[in-house]
Amino acid sequence: MSLSGKVVLITGASKGIGKATAKRLASEGASLVLNYNTDASSANELVKQIGEDRTLAVQADASKLSDIDRLVDATVAKFGKIDILVPNAGILPMRDLEHTTEEDFDFTYNLMVKGPYFLAQKAAKHIPPGGRIILVSTGVTVLSSIAPTYLLYASAKAAVEQMTRVMAKDLARKGILVNCIAPGPTTTGLFLDGKSEQMIKMVEGFSPFNRIGEPDEIANALFFLCSKDSSWVSGQVLRVNGAMA
């Protein structure tokens, strides 16, 4: 299931699931464009590890259309096409209804809904038949035990899941498969930041395996959606959450 000759564009690729995905796909022979917003050192270190001949790091704010244009242009200028698009960049705002400001709402939706929407629009022009768009949601959208403070985050990710289902129908005419991966709690800085050890233990207990996921495990599942083995999978949300309900 080699990805040799494939070009992958990943946003938010300097850390967490994005970084793990970049490493996994690179190990299968893919060439990569690694988008980052602020963490240049981590992105550049990845370039060194994978090799400058098949890796490019591009600073861009994935919530801004002008930066999205520049990111797509840089990818096409370097590699001539985009085979696989992974709009992974995200944040984890903890906001219930009462404490959500308009600024919070706009920032969250610009990065996690508007950004992926228009990145897919612009990238699709350069994706050949058989290409993939893999959006990123979260297990939060289906957890019955979810806290009210996840309202803003969950609503944005729910929009991503609907985007997946309908975009898959739209881009099928071009032979492009569109799917979504929805990780459960995962040991990334984004998830762990600000959480006590007691809270982490509680979250681990939501899974019958009594643990939370690792970024590499999410990357392995995402690789399946990039591979030839997923040629009849489109419009689907793949939940990778350790049987959390």
Side-chain angles (χ1 to χ4, degrees), residues 6-22 24-25 30 32-39 43 56-76 79 81-93 107-127 131-138 140-141 153-168 170-171 174 176-183 186 188 190 215 218-219 221-223 225-226 230 234-238 240:
K6 302 297 184 182
V7 176
V8 183
L9 169 56
I10 307 174
T11 65
S14 64
K15 60 189 69 174
I17 291 170
K19 184 175 183 179
T21 297
R24 180 68 172 92
L25 302 188
L32 296 113
V33 173
L34 310 173
N35 160 250
Y36 68 95
N37 190 15
T38 59
D39 196 350
L56 175 68
V58 179
Q59 190 284 326
D61 184 336
S63 71
K64 296 181 178 178
L65 266 61
S66 58
D67 281 24
I68 288 171
D69 281 333
R70 181 165 53 80
L71 178 58
V72 171
D73 289 346
T75 303
V76 175
F79 295 113
K81 62 173 180 173
I82 302 170
D83 293 291
I84 300 167
L85 175 66
V86 185
N88 166 74
I91 56 172
L92 183 55
F107 183 71
T108 300
Y109 270 71
N110 283 345
L111 180 60
M112 298 203 298
V113 182
K114 178 182 176 181
Y117 190 106
F118 284 100
L119 179 57
Q121 180 195 73
K122 296 173 188 301
K125 301 173 185 177
H126 307 284
I127 300 177
R132 311 292 207 265
I133 296 177
I134 303 168
L135 298 160
V136 180
S137 181
T138 172
V140 162
T141 58
Y153 178 70
S155 66
K157 289 302 191 180
V160 170
E161 294 192 11
Q162 289 299 329
M163 192 190 309
T164 301
R165 296 184 180 101
V166 182
M167 191 186 296
D170 186 11
L171 293 182
K174 298 187 66 175
I176 298 171
L177 305 178
V178 182
N179 288 293
C180 179
I181 191 161
T186 306
T188 64
L190 188 66
I218 310 303
L222 196 148
F223 168 63
L225 295 176
C226 297
S230 65
S234 195
Q236 304 301 310
V237 178
L238 175 59
V240 190

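Pairing each heavy atom of Val113 with each of Pro116, the nearest pair is O-CD, 3.4 Å. Arg132 and Ile127 get closest at one heavy-atom pair: N-CG2, 4.3 Å. Asp67 approaches Asp61 most closely through the heavy-atom pair OD2-N, 2.7 Å. Of all heavy-atom pairs spanning Ala62 and Ala89, the tightest one is CB-CB, 4.0 Å. The nearest pair of heavy atoms linking Gly12 to Asn88 is O-ND2, 3.0 Å. His126 and Val72 get closest at one heavy-atom pair: CD2-CG1, 3.7 Å.
When atom types are taken as modelled, the side chain of Asn35 and the backbone of Val58 share a donor-acceptor pair closer than 3.5 angstrom. At distances below 3.5 Å, not a single donor-acceptor pair connects side-chain atoms of Ser234 with backbone N or O atoms of Leu177. A donor-acceptor pair is defined here as one N or O able to donate and one able to accept, closer than 3.5 Å; no such pair exists between the side chain of Lys114 and the backbone of Phe107.
Thr21 places a side-chain heavy atom less than 4.5 Å from the side chain of Ile17. Contact annotation: the side chain of Val140 never approaches that of Lys157 to less than 4.5 Å [non-hydrogen atoms, C-beta and beyond]. Using a 4.5 Å heavy-atom threshold, the side chains of Cys226 and Leu25 count as touching.
The environment of Lys15 atom NZ is sparse: at most 12 non-hydrogen atoms of other residues, nucleotides or ligands sit within 6.0 angstrom. By the 6.0 Å contact criterion, OH on Tyr109 is enclosed, its count of non-hydrogen atoms from other residues, nucleotides or ligands being greater than 12. Residue-environment remark: NZ (Lys122) exceeds the threshold of 12 foreign heavy atoms within 6.0 Å.
Atom OG1 of Thr141 and atom CD of Glu161 lie 3.5 Å apart (nearest 0.5 Å).
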task: Start with the C-alpha gap between Arg70 and Asp73, add the side-chain angles, then the distance that decides, and say whether salt bridge (Lys or Arg N to Asp or Glu O under 4.0 Å) holds.
output: CA-CA 5 Å; Arg70 181 165 53 80; Asp73 289 346; over 6 Å; no
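Between Thr11 and the options Leu71, Leu85, Val86, a side chain to side chain contact (heavy atoms under 4.5 Å, CB included) holds for only Leu71.
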